[in-house]
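Quick note: numbers below take in every heavy atom, side chains included, and nothing from hydrogens, waters or symmetry partners. Here is the naming used below: chain letters follow the sequence lines, and residue numbers restart at 1 for every chain.
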2 protein chains.
Amino acid sequence: MSLNGIFPIDRWNFTTHSVLSVLSEEETARLTRHLTEQHLFKGDVIFREGTVPSGIFLVRSGRVKKYKVDQLGKEQIIYVAGPGELMGYHPVLSGERYADSATAMEDTMVSFIPKEDFMDVLSRSSVFALRMLKAMSHEFTVLTNSISVIAQRTGPERLAIALIVLREKFKYGLSDNEAIPINISRTDLANMAGLAAENVIRLLGEFKAEGILLTEGRKIIIRDVHLLVKRANYR
Amino acid sequence: MSLNGIFPIDRWNFTTHSVLSVLSEEETARLTRHLTEQHLFKGDVIFREGTVPSGIFLVRSGRVKKYKVDQLGKEQIIYVAGPGELMGYHPVLSGERYADSATAMEDTMVSFIPKEDFMDVLSRSSVFALRMLKAMSHEFTVLTNSISVIAQRTGPERLAIALIVLREKFKYGLSDNEAIPINISRTDLANMAGLAAENVIRLLGEFKAEGILLTEGRKIIIRDVHLLVKRANYR
DNA sequence: CCCAAAAACTGATGTATATCAGTTTTGATA
DNA sequence: TATCAAAACTGATATACATCAGTTTTTGGG
């Protein structure tokens, strides 16, 4: 069963995970010349919509939400980034301001690379530029899928899809047969699925009754991925 | 009043409009070596979701809708491309299949460039690659905005925003003080705003009564852009 | 210029999901 | 380990928008 192309799930070989692997030692040295590490606590803002970028971020550990805030202060989560993913390079490349904000969903480590070093290596290595184009094109597929999910799926389907995506994001570092605890607030889940938090809670109750998942306090553990995919109405 | 960043409107200097201008004469020759022209009639499909791309398209004249179809056959229009815009290069760059379909909304001329020539010039010219990265990054801003529009705005707001975007797309080739007739079916408009066609019709009636627009048969002409922007709830 | 088919339009009704107003549970902190 | 504020949860009600079942208008081919 291939979920790729249907659900906005990333595969290693397409994403920003592996973009840095095409660099030579010299190029890597150039890129990481002024690299700094940052430890972020849950809720810390990494960048904010409308501000000017000064560099790019590489997630080392933890999970980061990317979102836009509407007039009433409600967040729409656009993407969840995990370990190995590059963040915040779009506005550096286009010379625009951040189109969205990024906040740590849990304790998180990120590396910061000044935009000058990023652009320097990018203009020296056409292999790196092509690799970035590939990664961005794949991200496009993911975003395009997100649009059709938000516009065309029902509430329960969107929640099921959000849980499938989150399960992948929280898989990192766990052995294959280990349970994957999805550690997310009901509000964040609601802002990801485009639902009211109250309805997310009601639907999680239904999913639990159907044997799809179980909850341990705020943590969600998927018991039956097949049933969940069915709930997402995937054919 | 700057709509950019709020509404998914393209500006010439960011989009694929001008990407080809960075090429040298020799590079342009390489790119257009096997270029072919195609005349398309209203309703003709240019590429279809799930198929393998063999090249990229440059819109010469007309308007093209990019959309995804759900299980019930309903279209969600993701983007409308006009003259000067490059199309269908994402799956060429990522090595994936088309994530969406493209259909001519009116009589349209497109140029086709085989993927081999596109990739050849891309790997030879790092300036071109950087220019493509810039254009794609901007497209990202546009798509990100689309997501928040679809998820966070009300029906009337989404319709107003769709009309603002369409007005820009249909501006091409007209003098500044000329009226811009938006030639689009109510169904396409509904699929763009994520509404039922019946409600689009009702809302267009309201907008007409408010003096925002007038209709000539199927054509829509915006009378007061300021009122329309207000209806879109832009501060 | 006519004609049939498609698109535009209208009003009545249905429903998914938000909102509101609470109570209960959880987990961080002291 | 006791505390309490925040988060999770529950039920009642409201509403935006879709759906359905028509009628009228438009449009493009013959």
Worksheet item: What nucleotide, of dA8(D), dA8(C), dC17(D), holds the atom closest to the side chain of T187(A)?
Response: dA8(D)
Response to the item:
By nearest-heavy-atom nucleotide on DNA chain D, the more 5' of E216(B) and K74(B) is K74(B)
Item to complete: Could you work out which one of dC9(D), dT17(C), dA21(D) sits closest to the side chain of E198(B)?
Response: dA21(D)
Worksheet item: Is there a donor-acceptor pair under 3.5 Å between the side chain of Q38(B) and the backbone N or O of M109(B)?
Response: no
Discussion item. Between C1' on dA8(D) and CZ on F207(A), what's the gap in Å once rounded to a whole number?
Written reply: 17 Å
Discussion item. From NZ of K208(B) over to P of dA8(C), roughly how many Å is that when rounded to an integer?
Written reply: 13 Å
Worksheet item: If each of K42(B) and P156(B) is mapped to the nucleotide of DNA chain D with the nearest heavy atom, which maps nearer the 5' terminus, i.e. the 5' end?
Response: P156(B)
Fill in: Spacing of I150(A) atom CD1 relative to dT17(C) atom C1', expressed in whole Å
16 Å
Discussion item. Rounded to whole Å, how long is the line connecting atom CD of E206(B) with atom P of dT10(C)?
Written reply: 12 Å
Item to complete: Rounded to the nearest angstrom, tell me the gap between atom CG in L204(B) and atom P in dA8(C).
Response: 10 Å
Practice prompt. Kindly assign one of parallel, tilted or perpendicular to the pair F140(A) and F140(B), based on the angle between their ring planes and the thresholds 30° and 60°.
Written response: perpendicular
Worksheet item: Does R202(A) make a side-chain donor-acceptor contact with the base of dT19(C), cut-off 3.5 Å?
Response: yes
Discussion item. Side chain of R186(A), heavy atoms from C-beta onward: which of dT19(C), dA18(D), dC9(D) has the nearest atom to it?
Written reply: dC9(D)
Worksheet entry | Presence of N199(B) side-chain N/O under 4.0 Å of dC17(D) phosphate oxygens OP1/OP2 | no
Practice prompt. Would you indicate what R218(B) reaches in the nucleic acid, counting non-hydrogen atoms under 4.0 angstrom: base, sugar-phosphate, or nothing?
Written response: sugar-phosphate
Practice prompt. Applying side chain to side chain contact (heavy atoms under 4.5 Å, CB included) between L163(A) and each of V225(A), I212(A), L213(A), I184(A), report the one that passes.
Written response: L213(A)
Worksheet item: What integer distance in Å separates L189(A):CG from dA7(D):P?
Response: 15 Å
Worksheet item: Any salt bridge between K65(A) and D188(A), counting N to O under 4.0 Å?
Response: yes
Worksheet, complete the sentence: Whole-Å distance, L195(A) CG to dC9(D) P, equals 15 Å
Practice prompt. Please state how far atom CD1 in I201(B) lies from atom P in dT26(D), giving the value in whole angstrom units.
Written response: 13 Å
Discussion item. Using a 6.0 Å distance limit plus a 45 degree cone around the ring axis, check whether R63(B) lies over the aromatic ring of F170(B).
Written reply: yes
